[in-house]
Structure formats: C-alpha cells, structure tokens
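Lettering follows sequence order; numbering is per chain, from 1.
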2 protein chains.
Amino acid sequence: MNIGMAAKRSGLTVKTVRYYANIGMVVPAQDGRTGYRDYSEDDVARLQFIGKARRFDFSIDECRELLSLYDDQDRSSSEVKALTLEKIKAIDAKLAELQSLRDQLNFLAKTCHGDNRPDCPILDALKGG
Amino acid sequence: MNIGMAAKRSGLTVKTVRYYANIGMVVPAQDGRTGYRDYSEDDVARLQFIGKARRFDFSIDECRELLSLYDDQDRSSSEVKALTLEKIKAIDAKLAELQSLRDQLNFLAKTCHGDNRPDCPILDALKGG
DNA sequence: GCTTTACCTTCCCCTTGGGGGAGAGTTTAT
DNA sequence: ATAAACTCTCCCCCAAGGGGAAGGTAAAGC
C-alpha cells in the first residue's frame, strides 16, 4: 500500500513515516519505476509498534532496541523488562525534578501579591543570589 | 570583563553566553579593535537572572519577557505572577502526562515475568491494537 | 481524451538551546 | 621569543520531525 494509507493505518503522519524510512527504522519496498514506497502489513504493524512506544516516551533509539527485541524470536522477556524499568526510572527522575520546580514556583507565586505595585518577589528571587 | 569571566560569574558556559549575545538577550559592549566582548556588572546580573529562570524551566522567549518586566521599573507584579502561574499550569500538565505514562509502564513491567522465556506482555502491549 | 485533483517523490530550511571544533587573532606568562 | 590560554567568527551537529517548493503519477470526472 502507499505511504498515505500506511500513515493512516498506523496513526502517524506521512512525514513521520517517511522519516522512519529515511533513518532505516521501517524501510518498505519501493516501486522501481515511480519510486513510490510500498508498505506491507508487517511494515504497518511495525509502524504501529513504534507509534505506541513513542507515546510511551521511548526515544527513537530505544524504539530501535525494542524493535530488534520484537523481531528476535529468541529474546528473553527480561531484556524488555530491563529497558522498561530504566525508562520508568528516567520518568521518575523527571517527575521529581518537575515537582520540585513546581513547588518553588508555587511558593513564589503565593508570596507575590500580584497587584499593580512594581515590587515583585518572583523577580527578586530570580535576581538575588 | 571578558566573556570567560562573565560565564564563570554567571554559572553559564562561554558558548551559552555567546549565544545569548547573538540572539540579543544580553548584548555586551564590544572592543572595536579586538572584537572582544566586554561584560559589565549589570550584564552579569542579567546573565544570572536568565540562568535562574532557565533552571525554573522558562523558555528563552519567556526569559525575554521576564527580563523586560525586570527592566521595566513601572511594571506591575501581576504580570510576572501571571507568567509564573501559566508556567505552573504547563508543568502540572506535563506532570500528569508523565504520571500516567509511568503508571502504564509500571503496570506492564509488573505483569512481565522478566525471565528467559521469549513471551513478553510489554511487547504484546506495544504490538496489539 | 483531457483536465482537475489528490498523491507521491526528493530537497531544503526551520524549530530549541546550545555543543564541538576549525582556523585565526590576542593576551599573558615564562 | 614562544608557548599557553583566551577570544573571535563560521560552520556543522543533536531530536524528531514540520512546512513547503518543484515536479512526477494516478484516479476520477466530464
């Protein structure tokens, strides 16, 4: 099938699907005369797989790893689990960082009276050491 | 002072300080003969201000806004507060998104036995509709 | 058969926030 | 005098594509 259909079926944009072909993630057959890409059902399945993994915040390189595990019939589930646990750890770190940031900003916003007077504790906090 | 000192005093890299000069955020005086940038104390204060705001997850454009409020002696603190509240809202949204992601991944990791058998619920989840 | 419209292709520039390094000039220390 | 450290500009690089131009192709309407 053509790229438009493959995009629709995988829930990705044509640009994205073309990008994945360019970087060697999902390389479809190609018509020699027209140059049109020709996606198989398996290609679409792989695109869907990548789409989901991306939504789970896996990077392109991590998707590549997952994909090779997905392709490897002899893989052990422990490898996939390890990758997933690592990703969870990274998300936890990001969560903690954002939470701390949120708390600090919230504190500043609370102490700022937010009226027409020019003095502002938020700016003071950014200014001060 | 030279850029190296300004960078050290503001806790930024030379590259970053030069970048801020290029995009017009902190444009120092410049020696006509050598072309060396010449940072004043005020420039350093502004660099420090930006450094902190960046650590608070404000984008470059948001830093620009904050900086112009910082420069404006007649500003009202409400403007700064509004910007900060918006940023908090954005952080909250990101937090919720990451939390949901974390929960889903955690569920998958829990159901995955993680041994040498090739079947893996995580990959199945990525594969399935 | 012809034309319009919808797809497809490659190519190049744009984004965020800088990092890395080349090649050349300057200043400082030895 | 020379070596080290610093500075300058210029250019390419990262992630993960998006936007759009210029041109070829296919399907559908008349």
**Q** On the side chain of B:K15, is there an atom forming a donor-acceptor pair with the base of C:dG17 - under 3.5 Å, no angle test?
**A**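 A donor-acceptor contact between them is absent.
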**Q** Go through the N and O atoms of the side chain of A:Y36 and the base of D:dG24, and report whether any donor-acceptor pair is under 3.5 Å.
**A**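 For A:Y36, whose side chain was compared with the base of D:dG24, there is a donor-acceptor pair (under 3.5 Å).
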**Q** Do any side-chain nitrogens or oxygens of B:T16 fall under 4.0 Å of OP1 or OP2 in C:dG19?
**A**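 It does, given that an N or O in the side chain of B:T16 lies less than 4.0 Å from OP1 or OP2 of C:dG19.
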**Q** Does the distance from a Lys or Arg side-chain N to an Asp or Glu carboxylate O, for A:R9 and A:E41, drop under 4.0 Å?
**A** yes
**Q** Take the protein atom CG of B:N22 and the nucleotide atom P of D:dC11, then report the distance between them rounded to whole Å.
**A**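 Result: 13 Å.
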**Q** Does C:dG19 have OP1 or OP2 sitting under 4.0 Å from an N or O in the side chain of B:T13?
**A**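 The answer is yes; a side-chain N or O of B:T13 sits under 4.0 Å from OP1 or OP2.
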**Q** Please report, rounded to the nearest Å, how far the P atom of C:dC7 is from the CG atom of A:N2.
**A**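 Taking atom P of C:dC7 as the reference, CG of A:N2 is at 10 Å.
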**Q** Using a strict cut-off of less than 4.0 Å between a Lys/Arg side-chain nitrogen and an Asp/Glu carboxylate oxygen, indicate whether A:R46 and A:D43 qualify as a salt bridge.
**A**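 Here A:R46 does not pair with A:D43 in a salt bridge, since their nearest N and O are not under 4.0 Å apart.
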**Q** Can you tell me if B:T34 touches the phosphate of C:dG25, counting only side-chain N or O atoms and a distance under 4.0 Å to OP1 or OP2?
**A**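 No.
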**Q** Between C:dG25, D:dG17, C:dC8, which nucleotide has the shortest distance from any of its atoms to the side chain of A:I60?
**A**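 Comparing C:dG25, D:dG17, C:dC8 against the side chain of A:I60, the answer is D:dG17.
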**Q** Expressed in angstrom and rounded to an integer, what is the separation of B:M5 atom CE from D:dA5 atom P?
**A** 17 Å
**Q** Select base, sugar-phosphate, or nothing to describe what A:R54 touches, counting heavy atoms under 4.0 Å on all strands.
**A** sugar-phosphate
**Q** Round to the nearest Å and state the distance from A:I50 atom CD1 to D:dA16 atom P.
**A**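 Distance check: A:I50 CD1 to D:dA16 P gives 12 Å.
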**Q** To the nearest Å, how far apart are B:R18 CZ and D:dC6 P?
**A**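 It is 13 Å, rounded to the nearest whole Å.
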**Q** Could you give the CD1-to-C1' distance, from B:I3 to C:dG19, as a whole number of Å?
**A** 14 Å
**Q** Need to verify one output field. Residue with the more 5' nearest nucleotide on DNA chain D, A:D31 or B:Y39?
**A**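 The answer here is B:Y39.
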**Q** Assess whether a salt bridge exists between A:D61 and A:R64, defined as any Lys/Arg side-chain N lying under 4.0 Å from an Asp/Glu carboxylate O.
**A**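 The answer is yes: the pair qualifies as a salt bridge.
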**Q** Is any side-chain N of the basic residue among B:R37 and B:D31 closer than 4.0 Å to the acidic one's carboxylate O?
**A**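 No, this pair does not count.
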**Q** Any salt bridge linking B:D115 with A:K81? Criterion: basic side-chain nitrogen under 4.0 Å from a carboxylate oxygen.
**A**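 No salt bridge links B:D115 with A:K81.
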**Q** What is the distance, to the nearest angstrom, from the CE atom on B:M1 to the P atom on C:dT27?
**A** 18 Å
**Q** Consider the side chain of A:R37, meaning its heavy atoms from C-beta on, and name the nucleotide among C:dT10, C:dG18, D:dT7 that approaches it most closely.
**A**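 Nearest nucleotide to the side chain: C:dT10.
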**Q** Tell me the interatomic distance from A:L47, atom CG, to D:dA16, atom P, rounded to whole angstroms.
**A** 16 Å
**Q** Using a cut-off of less than 4.0 Å, is there contact between a side-chain N or O of B:Y20 and OP1 or OP2 of C:dG18?
**A**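 Affirmative; the distance criterion is met.
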